[in-house]
Amino acid sequence: MSNETPLLSIRDLAIEFRNQHGVARAVDNVNFDLWQGETLAIVGESGSGKSTTAHAIINLLPGTGRIAAGSIKFDGKELVGASSAELESIRGREIGFVPQDPMSNLNPVWSVGFQVEEAIKANNPGMAKQAVRAEAIAVLQKAGLADAAARMKQYPHQFSGGMRQRVLIGIGLSANPKLLIADEPTSALDVTVQRTILDHLSQLTKASKTSVILITHDLGLAAERAEKLVVMYRGKVVEAGPSLEILQNPKHPYTQKLVAARQVTPRVPHTSTEVAVKVSNLEKVYSIKGSGFKSTPFTAVSGVSFEIKRGTTLALVGESGSGKSTVAKMVLGLEKPTSGEIEVDGKQLAGMKPAALFDLRRHMQPVFQDPYGSLDPLQNIANTIAEPLVTHKVGTRKERQERVRELLEQVSLPWAISTRYPSELSGGQRQRVAIARALALKPDIVVLDEAVSALDVLVQAQILDLLAQLQDELKLTYLFITHDLAVVKAIADEVAVMNKGQIVEFGSTAEIFANPKQQYTRNLLDAIPGAKLL
Amino acid sequence: MVGYIFKRVLQALPVFFGTTLLIYFMVFAMPGDPIVAMFGDRGVNQAVYEQLRAQYHLDQPFLVQYFYYITGIFQGDFGTSFSGQPVGDVLAATFPVTIRLALMAVTIEMLVGIGIGLFAGLRKGKLFDNSSLVMSLLLISTPVFVIAFVFQFVFAIKLGWAKPTVSGAAGFTELLLPAVVLSTLAVAYIVRLTRSSVIETSGQDFVRTAYGKGLTRQRVVRVHILRNSLIPVVTYLSIDFGVLLVGATVTEGIFNVPGVGRTLYQAIIRGEGPTVVSFVTVMVLIYLAVNLITDLLYAVLDPRIRYGK
Amino acid sequence: MANRNEHFVADLAASEVAEIDAVRISEKPTNLYLDAWRDLRKRPMFYIAGVLILAVTVMALFPGLFTQTLPNDNCLLANSNAGPTDGHPLGFTRQGCDIYSRIVHGSSTSLSVGLIVTAMTMAMGVFFGALAGFYGRWVDALLSRAGDIFFAIPYILAAVVIMSVFSDYRNVWVISAAIGIFAWPSTARVLRGEILRVKQADYVMASTAIGVSRFKILMRHVLPNSIAPVIAVTTISLAAAIVAEATLSFLGVGLPTSTMSWGNDISQAQVDLRTAPQVLIWPSLALSITALAFIMMGEAIRDALDPKARAQR
């Protein structure tokens with residue numbers, strides 16, 4: 001392969017899906033080239049067509065998808081219209097594929113070893129059984145799986161997410177392909193795990209001069225990992241070129257917005273002396289059912305103490321399993337602490353009578369993570385927002401309707417959606433509705449449990465703005481739970497870093513970012529994709 | 001795995017006691033004289049009446065009666081049939097025939113049902129899929145005794161391909177027609193279940209990843225789609241075994257197959273209450289046993305269960 | 001991109017950036033049930049099943065609209081198993097009664113049994129399933145084990161035992177109870193599973209945090225979101241109940257022969273299967289078509305209510 005011709009060349013690619021209403025074009029007029037040994041990242045929000053484009057290369061479009069026009073030339077061969085036998089010989093052997101979600105991409109009923117061996121056998125017909133096994137072990141070891149030989153017999157559910165992703169990367173690279181397509185390979189994982197896995201992946205592909213197409217929603221991650229970027233928006237390429245150049249000098253308005261969303265201006269810290277929430281020595285122990293009749297105690301939270309001052313935001317940051325959501329649920333009175341005290345507005349939560357707890361709920365409301373699960377799909381928007389008012393018997397029917405109108409205005413949603421159901425709204429709009437519902441009773445304290453984590457970056461920035469604005473207007477106190485340190489800067493005054501059920505570091509946002517004292521906090525900060533680029 | 005088996009067996013115990021108690025309760029704790037009620041209009045002669053009263057310990061309190069009954073079951077004593085033969089002996093004579101019939105029916109169900117379902121699922125919306133859908137709906141909505149009569153009439157009486165009734169030997173070829181009739185009960189459901197299961201599995205991420213590895217379509221279908229789709233089918237087969245037992249009762253009755261089902265069928269038709277109760281109990285126990293065995297088979301098919309998740 | 005390091009920018013006019021997260025709503029409100037209803041009205045199966053069910057219902061309520069011949073009058077043994085004649089389009093039974101008239105008058109039995117059993121299984125299944133799924137813990141353990149016990153006895157076998165015991169009181173209500181008492185666990189299981197799924201949803205937690213009572217959450221949020229599969233299963237089980245009644249009648253432990261019932265007619269026609277198969281075929285056909293109508297209706301409802309199945313078509 002000479003350096004003059006690209007390894008992969010995509011021209012005028014268009015992809016269509018058939019649905020009830022006819023044919024919809026998901027991807028249109030996509031062009032890009034990829035040379036041997038290069039890493040190229042396709043960046044875009046959900047629905048931008050980035051994954052669809054990548055899947056089209058090896059003809060793995062889901063459902064009714066089909067390539068409507070254009071050409072995909074790989075290593076001199078035209079892939080559009082190629083026979084299934086030709087594609088089978090290219091898949092795996094020449095183009096490896098690493099899928100997005102490690103939880104659903106390994107077949108749960110076959111052992112991990114079987115699934116690796118299967119890939120090796122498919123790409124090396126006639127290889128002896130012993131050799132296949134040895135090769136599979138080598139592949140898993142290379143992918144960074146310790147004691148690979150022993151783990152061959154295990155099943156996917158016995159592996160953690162990070163280890164499964166390593167297996168999938170091993171499978172993708174098992175035949176030393178010329179090109180590896182990695183579709184959001186780490187977005188389901190914790191940031192620190194994400195970092196080690198991506199480091200490992202680039203080490204492997206650099207060593208073997210494998211070209212990589214990296215699909216991601218994260219501009220920082222893309223710029224950090226790839227030499228070249230292709231920015232997609234609504235099925236079209238809006239900008240493409242060398243990563244650093246695009247990051248420093250974005251030309252298309254969409255790219256400019258994406259870059260701007262990364263440059264968070266740290267907020268002016270809010271201060272107060274009045275304590276809104278006080279948590280001391282909180283502990284939560286679950287008993288986990290083991291095999292048989294034994295159950296083992298599992299300490300989810302231990303020795304957690306903090307204070308949130310009125311009108312300020314405390315961010316509780318940690319990776320999955322750190323116990324941060326459990327703390328949120330205990331503060332909300334949805335879970336009972338094993339020991340420790342929670343004081344809200346000067347009142348002890350423990351031992352509170354149901355009637356008093358009911359009253360307290362007026363002052364403290366939550367917004368949860370999953371925008372698709374946080375609204376009842378069978379209740380219209382007005383009823384959803386009015387539910388707290390009805391439950392606490394606030395106002396007449398007319399007054400409640402007026403309040404709903406006011407709340408919709410506060411979260412910048414039109415009154416027209418009040419008779420609509422959640423299925424018509426986007427993720428960001430649903431979170432706005434959830435915020436409106438939380439504000440209905442004019443609470444002082446709002447607990448935001450990963451409230452923006454599932455949203456696209458631009459929508460995320462918009463909701464964070466809204467939250468900051470509401471906080472100023474209504475003098476709200478926020479407990480902001482997140483795994484994403486990047487959003488903390490924009491919203492928090494103080495940060496508590498949690499690890500394994502304990503708070504390992506506590507400080508003002510500026511302090512934590514500028515001068516982290518604990519190694520764990522430093523690791524988290526280092527793991528923010530593209531942190532050093534801007 | 002051992003823990004799983006232990007747990008399953010332990011879970012089956014209360015169900016065993018519960019079901020036997022329930023059947024016993026339905027028969028003997030109702031108001032009125034259960035023996036007279038069971039014989040209905042036919043009346044019962046004094047000797048039989050006394051014998052049954054003693055056999056079921058009707059002079060004792062209900063739970064004591066039940067205790068005698070359950071210890072009897074553990075000793076292999078299922079009571080005495082109407083003709084005076086111990087139910088255990090009748091079972092020994094008739095059980096092998098029913099097992100043969102049931103195995104043949106289940107084999108036909110699986111071969112035909114999974115085959116058609118797989119084919120329909122892989123070609124959803126095509127002619128084959130749609131016609132198998134219509135056929136399965138027709139089969140589902142027809143009672144098994146109607147199917148039995150229609151098949152008997154068409155294949156045995158009109159076409160002469162088989163004998164309308166089965167001889168005492170109940171050989172393989174003789175049992176073929178009743179087995180086909182019996183299989184029609186579940187075949188339609190298995191077609192539909194396999195079809196939707198295949199369609200769902202085909203859309204799973206790991207199937208796309210399997211293609212991405214470079215596997216051929218044939219291998220992906222065989223190793224990844226079919227294997228995973230079989231799990232709900234196996235569950236269904238075990239739950240449906242009760243329907244199969246009822247079907248066997250009707251089918252054996254109509255085709256005169258000398259099995260457990262026919263004995264029960266004749267006992268029902270003749271209004272021999274005590275025999276009916278004994279045989280229903282036996283069938284429920286068989287059903288429980290089959291469910292237990294499939295639960296264990298399930299663990300073989302699905303490692304997530306094997307390793308106690 | 002002729003050049004390897006070209007910085008490409010799309011034509012701004014052709015790739016305008018839309019307002020972030022703009023609200024776009026359709027003409028009419030949509031949710032699961034509204035969508036399902038719109039979807040149903042596009043399905044031929046729904047109309048075919050609907051017309052058939054309507055026909056059987058009218059037949060059961062007003063048999064006089066369909067036939068003037070009374071089913072048990074004018075039965076002449078001379079007509080035994082005779083073919084169709086003028087005014088008797090389907091011929092005669094062994095006793096020389098008009099088959100068509102018997103089918104028309106027998107429809108109410110099948111339909112009543114189907115409806116009573118369905119009402120029973122629905123009520124018991126929803127009650128126990130909801131309690132077990134929503135309240136969990138010992139309520140669940142107790143109800144699930146009880147359900148297992150009822151589930152372990154095939155309902156037709158159970159009905160055979162009950163009907164044998166109640167041989168003196170055989171009527172539509174008793175036979176329906178005998179079938180229904182053992183048929184509810186499957187409904188309860190379906191609902192319990194759905195509730196276990198739905199109660200994990202964040203909106204349930206959000207309502208709890210608002211202070212809505214547990215019972216209100218169950219009634220207002222959890223049940224409406226988990227009942228859909230039960231509706232479909234119940235419609236199909238109506239057909240199963242009709243078939244069960246016929247099977248019991250066929251076994252001779254159903255309704256007394258004096259009661260007009262398709263099952264009884266099929267049962268009585270079996271002796272003459274060789275010589276007069278039509279006597280058996282007609283009531284069987286009526287039974288199958290009725291069962292088919294309810295199964296088709298249930299299938300259509302299930303597909304309409306399940307967004308996944310809608311995509312499967």
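Here is the naming used below: chain letters follow the sequence lines, and residue numbers restart at 1 for every chain.
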* To do: Give the ring-plane orientation class for B:Phe149 versus C:Phe250, where under 30° counts as parallel, over 60° as perpendicular and anything between as tilted.
  => perpendicular

* To do: Please look at B:Gln152 and chain C and tell me whether the side chain, the backbone, both or neither of the residue comes under 4.5 angstrom of a heavy atom of that chain.
  => side chain

* Determine, step by step, whether C:Tyr155 and B:Val243 satisfy the side chain to side chain contact (heavy atoms under 4.5 Å, CB included) criterion, reporting the C-alpha distance in whole Å, the side-chain angles of both residues, the deciding distance to 0.1 Å, and the verdict. => CA-CA 9 Å; C:Tyr155 66 95; B:Val243 176; 5.7 Å; no

* chain B heavy atoms under 4.5 Å from C:Ile295: which part of the residue, side chain, backbone, both or neither? -> side chain

* Structure fact -> Given C:Val243, C:Ile289, C:Leu251, the one with more heavy-atom pairs under 4.5 angstrom with chain B than any other is C:Leu251

* Structure fact -> Ranking B:Val280, B:Thr142, B:Leu22, B:Leu288 by heavy-atom pairs under 4.5 Å to chain C gives rank one to B:Leu22

* **Gap between atom OG of B:Ser196 and atom CG of C:Asp303 - 0.5 Å precision** => 9.5 Å

* **Pairs touching residues 146-155 of chain C that satisfy salt bridge (charged side-chain N to carboxylate O under 4.0 Å, His left out), sequence neighbours left out** => C:Arg145-C:Asp148, C:Asp148-C:Arg189

* Among C:Gly252, C:Ser267, C:Ala152, which residue forms the greatest number of heavy-atom pairs with chain B at distances under 4.5 Å? -> C:Ala152

* Pick from C:Ile266, C:Leu285, C:Thr290 with the largest number of heavy-atom pairs that fall under 4.5 Å of chain B -> C:Ile266

* Asked: Between CD1 of B:Ile157 and OG1 of C:Thr275, what distance do you get to the nearest 0.5 Å?
  -> 9.5 Å

* B:Leu137 versus chain C, heavy atoms under 4.5 Å apart: side chain, backbone, both or neither? -> both

* Side chain / backbone / both / neither for C:Met45 at chain B, heavy atoms under 4.5 Å -> side chain

* **Pick from B:Phe153, B:Tyr265, B:Tyr287, B:Phe145 with the largest number of heavy-atom pairs that fall under 4.5 Å of chain C** => B:Phe145

* To do: Kindly indicate whether the side chain of B:Val144, heavy atoms from C-beta on, has any atom under 4.5 Å from the side chain of C:Thr247.
  => no

* Asked: Which bit of C:Ile281 comes within less than 4.5 Å of chain B, counting heavy atoms only: side chain, backbone, both or neither?
  -> side chain

* Asked: Using non-hydrogen atoms only, which part of C:Leu292 is less than 4.5 Å away from chain B: side chain, backbone, both, or neither?
  -> both

* To do: Would you check if B:Leu264 and C:Leu157 make a side-chain contact, meaning some heavy-atom pair closer than 4.5 Å?
  => yes

* Euclidean distance, C:Met296 CE relative to B:Ile140 CD1, rounded to 0.5 Å -> 12.0 Å

* Structure fact -> Residues of residues 235-242 of chain B with a heavy atom under 4.5 Å from any heavy atom of chain C, in residue-number order, are B:Ile239, B:Gly242

* **B:Leu21, part contacting chain C, at a heavy-atom distance under 4.5 Å** => neither

* Asked: With only heavy atoms counted, which part of C:Ile153 is less than 4.5 Å from chain B, the side chain, the backbone, both or neither?
  -> both

* Asked: Do you know which two heavy atoms are closest between B:Val246 and C:Pro154, and how far apart they sit?
  -> CG2-CB, 4.1 Å

* Hey, are the side chains of B:Pro143 and C:Ser284 touching, using non-hydrogen atoms and a 4.5 Å cut-off? -> no

* Looking at B:Gln11, B:Arg192, B:Lys158, which has the largest count of heavy-atom pairs under 4.5 Å with chain C? -> B:Arg192

